[in-house]
Structures are given as C-alpha cells and as structure tokens.
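This report concerns only the one structure given below.
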Amino acid sequence: MSDAAQPTAAEVRAAAEAVKTALDRHLAAVERRSGEEDPAVYDAFNELAAAAEAYDELLYDRYDEVTPFEIPGEDTLPPYTGPEEPGALSVLIRRDYAVAEPQRLMAQARRVEAADEEAPDVEASGTVHGALGLLFGEFEPDEIASRHKEFGLEEGDSTLWVTAADESADPGEWLEAPFEEVDPERVVCRFDVSTVFDEEFDDDIEDDEDIGDIEDDEGRDDEDGDGDPTELDGDLDTDLDGDLDTDLDEDDEPARPEADR
C-alpha cells in the first residue's frame, strides 16, 4: 500500500475507540440477556467482531502490526424466529465452479448443439460463456454437479439453505432479485460443502496417526530391537501346536482325559 493510501494515526485511534465502545456494549448485552439465544447479545457480538476486524486492518495498514485476536467467521445462524409451522419453504442453493478445461466444456456444448435440430445457425459453443449457457440450459443443476468433470468444471464451495415462509410467494414475485431478501432468522437448516472442511478433517487424521505411532512404539515388545513384534506370536503358535500334538491319541483323535482314581 502506498503512503498516500495509508490510514492516518487518527483513523487508527478512532477504530481502537470503536472497539472499546463495542466491547462495553457487548458486556452490557451479556449482563442483561434474557436467555441463551438473546438476539441483543448476537447483535452486540457482531458489532464487536466488525469493529475489531476494522481496527486490525487499519493497524496493519498504518503500522504493519496485528492484534492477537482471531475474528470468528459466520459459523452459526442466528436464533430461528420464523413460524413454528411453516406454510411454505424456499430452498436457496449456491454452487461454485472453476472452468478448469475450457476445451472440454466447449466440446460438450458442441455435442448438445449437434443433437438439437432446432438450434439457431449461430454457434454458441464457440465461446466459454456460450457453452455454459448451452449446458446449464440442457442439464439440471444436480446432473451438472454429479458430472462436472465431464464438462471441464472443477467444484468449489457450495451451500444450501432451507428457509421458512408463512405462505408461498406469488408467481414471478421474486424472480428479478431472488437472493436479496434472505432472512437468516428464518433459515430452518443449512448444508455447506467446502475443501476447508476436508483440510480440517485431514489435519485431525494426521494428529490421530501421530498418536497411534507413539502408542505402537511404546507398547511394542521387541527384545532384539529390530522393530519386529511377530516373534512373540511365533513362540505362542509353536507352544499351542505342541500342546495340541501331545493331546492326540494314536488315531489322531483327541485323547480322553483320565480321571484320578
């Protein structure tokens, strides 16, 4: 960042004061909360997080320093305030893709064009945006999601929100701006898919494997130090085989034990 674009010391100081004010408001909301899911506490929490994030950014831009605080993301939804018995539902889906192989994408679009007898003379498959229009017009979104590699696409993050409504919207009512008026307090449930979760899961697996290796090293009975714990098993097998052989009679039948008289 250039010197001209850097925030002033006064702006950084003002941001720090905003954090102090937001911190006081958050504590006051917590002290007055009416229950575990008090919306006033939720709002104060968001204000504090926003103020702290703004201060952190200005502090870094001006002084190349950071705060020791980690601002949590929007991992949870606010308390549900929708109808107890929703009369209608809206399902909002977002799926992100990267165009990984444009040539494959346009080749699939050409196949769609070739099979469409009523297709216009102008070939839309010659451009990436035209090919996308053809494929998403031909296939359902779920089918594209399951066959995305065939279309030269690479999956990104995706999310699905189920929101409650009192009654169904009138036909065409929200089509001009379908995602603008989403009330998070009416979200019944949501499902998120991201590689971020895979990375966290992989980290947990690696930690478990490290712990397992330590336990194996500590619990191994290895007298000769060659790291092979199978010798003890072999001795046990030999002893068991010997015991079985001595208990068989001449006809290879188990010998009947003789009781003391």
Side-chain angles (χ1 to χ4, degrees), residues 1-86 89-96 98 155-166 174 177-208:
M1 177 178 292
S2 64
D3 293 339
Q6 284 185 349
T8 65
E11 289 175 330
V12 178
R13 173 62 61 181
E17 294 299 327
V19 173
K20 297 175 186 178
T21 302
L23 188 62
D24 290 338
R25 291 176 178 173
H26 180 260
L27 178 58
V30 171
E31 291 173 339
R32 297 193 306 266
R33 68 181 178 185
S34 57
E36 293 184 359
E37 297 183 348
D38 191 329
V41 175
Y42 178 82
D43 293 339
F45 172 88
N46 285 338
E47 291 176 5
L48 176 58
E53 186 174 8
Y55 169 63
D56 190 86
E57 291 178 358
L58 291 174
L59 185 70
Y60 180 79
D61 292 342
R62 175 69 184 179
Y63 299 109
D64 199 23
E65 289 290 343
V66 295
T67 63
F69 311 116
E70 180 179 356
I71 308 302
E74 293 289 334
D75 294 333
T76 58
L77 291 169
Y80 176 75
T81 60
E84 290 296 329
E85 297 182 3
L89 292 174
S90 293
V91 180
L92 297 93
I93 302 175
R94 171 174 173 170
R95 296 186 178 117
D96 283 4
E155 281 186 319
D157 290 354
S158 67
T159 186
L160 181 150
W161 292 27
V162 179
T163 63
D166 297 302
W174 48 259
F179 303 113
E180 285 188 355
E181 299 181 2
V182 180
D183 185 354
E185 294 186 357
R186 286 189 168 229
V187 175
V188 178
C189 57
R190 63 177 289 180
F191 305 95
D192 301 321
V193 177
S194 175
T195 55
V196 172
F197 306 139
D198 297 336
E199 292 170 0
E200 293 174 354
F201 181 72
D202 292 340
D203 291 341
D204 293 339
I205 292 178
E206 291 176 1
D207 293 341
D208 293 342

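Scanning all heavy atoms of the two residues, the minimum distance from P7 to D61 falls at CD-CB, 3.6 Å. Looking at every heavy atom in both residues, A29 comes nearest to V41 through O-CG2, 3.4 Å. Annotation for F179 and L92: closest pair CD2-CD2, 3.6 Å, computed over non-hydrogen atoms. Considering all non-hydrogen atoms of both residues, D38 and R33 come closest at OD2-CA, 3.1 Å.
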- Task: For side chain to side chain contact (heavy atoms under 4.5 Å, CB included), just list the numbers for V66 and D56, CA-CA rounded to whole Å, side-chain angles, deciding distance to a tenth of an Å, and then say yes or no.
- Result: CA-CA 6 Å; V66 295; D56 190 86; 4.1 Å; yes
Distance-only criterion, 3.5 Å: show the donor-acceptor pairs between side-chain atoms of residues 8-25 and protein atoms not counting sequence neighbours.
from	atom 1	to	atom 2	distance (Å)
T8	OG1	E11	N	3.2
E11	OE1	T8	N	2.9
E17	OE2	K20	NZ	3.3
T21	OG1	E17	O	3.1

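Atom NE2 of H26 is separated from atom CG of D43 by 10.5 Å, given to the nearest 0.5 angstrom. To the nearest 0.5 Å, atom OH of residue Y63 and atom CG of residue L58 are 10.5 Å apart.
Of the options L160, T159, D157, a side-chain contact (heavy atoms from CB on, under 4.5 Å) to D192 is made by T159 and by none of the others.
Without hydrogens or angle criteria, S90 side chain to T163 main chain gives no donor-acceptor distance under 3.5 Å.
Remark: Y80 OH is packed, more than 12 non-hydrogen atoms of other residues, nucleotides or ligands lying under 6.0 Å away.
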